[in-house]
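Proteins get letters first, then strands, A, B, ... in listed order; numbering begins at 1 in each. Given the structure is predicted, the values throughout are model-derived calculations rather than measurements.
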Protein chains: 2
Amino acid sequence: MSESTAKQQEVVGVAERLFSERGYEATSVRDMAEALDIKPGSLYAHIETKENLLWEIVTNAADRFFAAVKPILDSDLVTIEKLRRVVAAHVTVITDSARSAAIYLTEWRHLSEPRLSRFRARRDDYEGLIRGLVHNGIQEGELADMDEKFATMLILSSMNWIHQWYRPDGPMTPQEIARKLTEMLLNGLRRATG
Amino acid sequence: MSESTAKQQEVVGVAERLFSERGYEATSVRDMAEALDIKPGSLYAHIETKENLLWEIVTNAADRFFAAVKPILDSDLVTIEKLRRVVAAHVTVITDSARSAAIYLTEWRHLSEPRLSRFRARRDDYEGLIRGLVHNGIQEGELADMDEKFATMLILSSMNWIHQWYRPDGPMTPQEIARKLTEMLLNGLRRATG
DNA sequence: CCTACCGATCGGTAGG
DNA sequence: CCTACCGATCGGTAGG
């Protein structure tokens, strides 16, 4: 692990913006160089390959999701409260780093092997964490007796779609988004009878 | 509207496979020609441009979603029943035409203007249909008094994520997926108390 | 970080 | 549907 310079961080920032706006494949090294106001060849003083940039962005994003969620799972809160906080933490990662989260969620498939497999394994680990939470919630009777895998997918999909419509200047704060989402997921859309 | 030949349908089929597997930008006309066992230049006897293929795929997919959902919305069923059937219909479109649905959901951004705007408008119309349903459900007291727009997003996001994990040879039928999804969305994940 | 350049590949066309 | 090709652009490198 070599330390990364300020300029390298600037390059990553430009890559995050362009990859999230146009997609990885549709972004050329010339696009990035232009945004950085340098010549295309000069970019390679700061990066090794274009794919390395993608890899750095998605692994950093994965790190953020794990770091936000792990301490909550390791705590001794009851499952429903863990779930509330995990949703809040995950949503906050998406809203705070919207660009890299979008790349993490949509551009990973352009990684080549062996990174592609490493990525998938890590993403599956994360899914496993959420699934463990759902599993416990069902065991303990806090969550309904339902298809564990399917419920996990519902939680992840509803959280991950947020990057598609979230705008920092929109009317809702990340906290509000997390609160409404947990509320709807836990209690359902149907009007409670009685 | 010129009628499309069997060969043109074959070309569209190959494009659906490659665009969904690798993405639009990462698929070259040479990739498509090779899959069709013809020379790259010969492809242009059947298509005008590569983007026309993308446009045909996403508009056909949009047509399918509207056609599946419209008659249900126009019926005189109660809102909750409409919602059940709309979810089932939408999920069935995704599972029956998984490749084109995936392209519709993820590759549309590579359209150029003015098609990009036309696409967005149509997608917003569809979202409006679902939102109208949610609106009515709240008015009539069948759905909980909640953020209408947010509930619409939750419904759409949970349905649309299915293409990410659905496999035709998996254990669940489209009907089962739709049933479980509606159940969880309407009643929530929390164990009903009392 | 620049100049100058590499071979490969891109979407697409002319003429048959 | 093929041969033969177009100019443009791709990711990346050598040498300074």
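- No close placement of the B:H110 and B:F19 rings is indicated, their centers lying 6.0 Å or farther apart.
- What separates CG of A:L43 from P of C:dC1 is a distance of 10 Å, to the nearest Å.
- Side chain of B:E16 to backbone of B:R99: no donor-acceptor contact under 3.5 angstrom is found.
- A distance-only check finds no donor-acceptor pair linking the side chain of A:S97 to the backbone of A:I94 [under 3.5 Å].
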So which protein nitrogen or oxygen atoms get under 3.5 Å of nucleotides 13-16 of chain D's nitrogens or oxygens?
none

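- The side chain of B:K39 places no N or O atom within less than 4.0 Å of a non-bridging phosphate oxygen (OP1 or OP2) of D:dC1.
- Annotation: side-chain contact (heavy atoms from CB on, under 4.5 Å) contacts of B:D125 (sequence neighbours excluded): B:F66.
- Nearest to the side-chain atoms of B:K7 among the listed nucleotides C:dC1, D:dC1, C:dG12 stands D:dC1.
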Look for any protein N or O under 3.5 Å of an N or O in nucleotides 7-9 of chain D and output each such pair with its distance, or none.
none

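- Formation of a donor-acceptor pair under 3.5 Å by the A:Y166 side chain with backbone atoms of A:I177 is not found in this model.
- In the region residues 9-19 of chain A, proximity to DNA chain D at under 4.0 angstrom, judged on heavy atoms, holds for none of the residues.
- Residue pairs meeting the salt bridge (charged side-chain N to carboxylate O under 4.0 Å, His left out) criterion with at least one partner in residues 78-98 of chain A, sequence neighbours excluded, are A:E81-A:R84, A:E81-A:R85.
- Salt-bridge check for A:R131 with A:E148: passed, with a basic side-chain N closer than 4.0 Å to an acidic carboxylate O.
- Taking the side chain of A:K50 as heavy atoms from C-beta on, and the options C:dG12, D:dG12, C:dC1, the nearest nucleotide is D:dG12.
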Pair B:E25-B:K50, salt bridge (Lys or Arg N to Asp or Glu O under 4.0 Å): steps then yes or no: CA-CA 10 Å; B:E25 293 285 349; B:K50 184 187 168 192; 5.0 Å; no
Dot-bracket line, read 5' to 3' along DNA chain D, where crossing pairs take [ ] and | marks a partner on another strand, Watson-Crick or G-U under 3.5 Å: ||||||||||||||||
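- B:R64 and B:S100 are linked by a side-chain donor-acceptor pair at a separation below 3.5 angstrom, with hydrogens and angles left out of the test.
- For B:Y104 and B:H163, the gap between ring centers reaches or exceeds 6.0 Å.
- The number of heavy atoms from other shown groups lying within 6.0 Å of CG (A:D74) is above 12.
- Each of A:A45 and B:E51 was assigned the nucleotide of DNA chain C with the nearest heavy atom; the assignment lying further toward the 5' end belongs to A:A45.
- Between A:S157 and B:Q164, the side chains place no donor N or O within less than 3.5 Å of an acceptor N or O (distance only, hydrogens not considered).
- Under the 3.5 Å distance criterion, the side-chain polar atoms of B:D31 are matched with a main-chain donor or acceptor of B:S28.
- Between B:Y24 atom OH and C:dC10 atom C1' the separation is 12 Å, expressed in whole Å.
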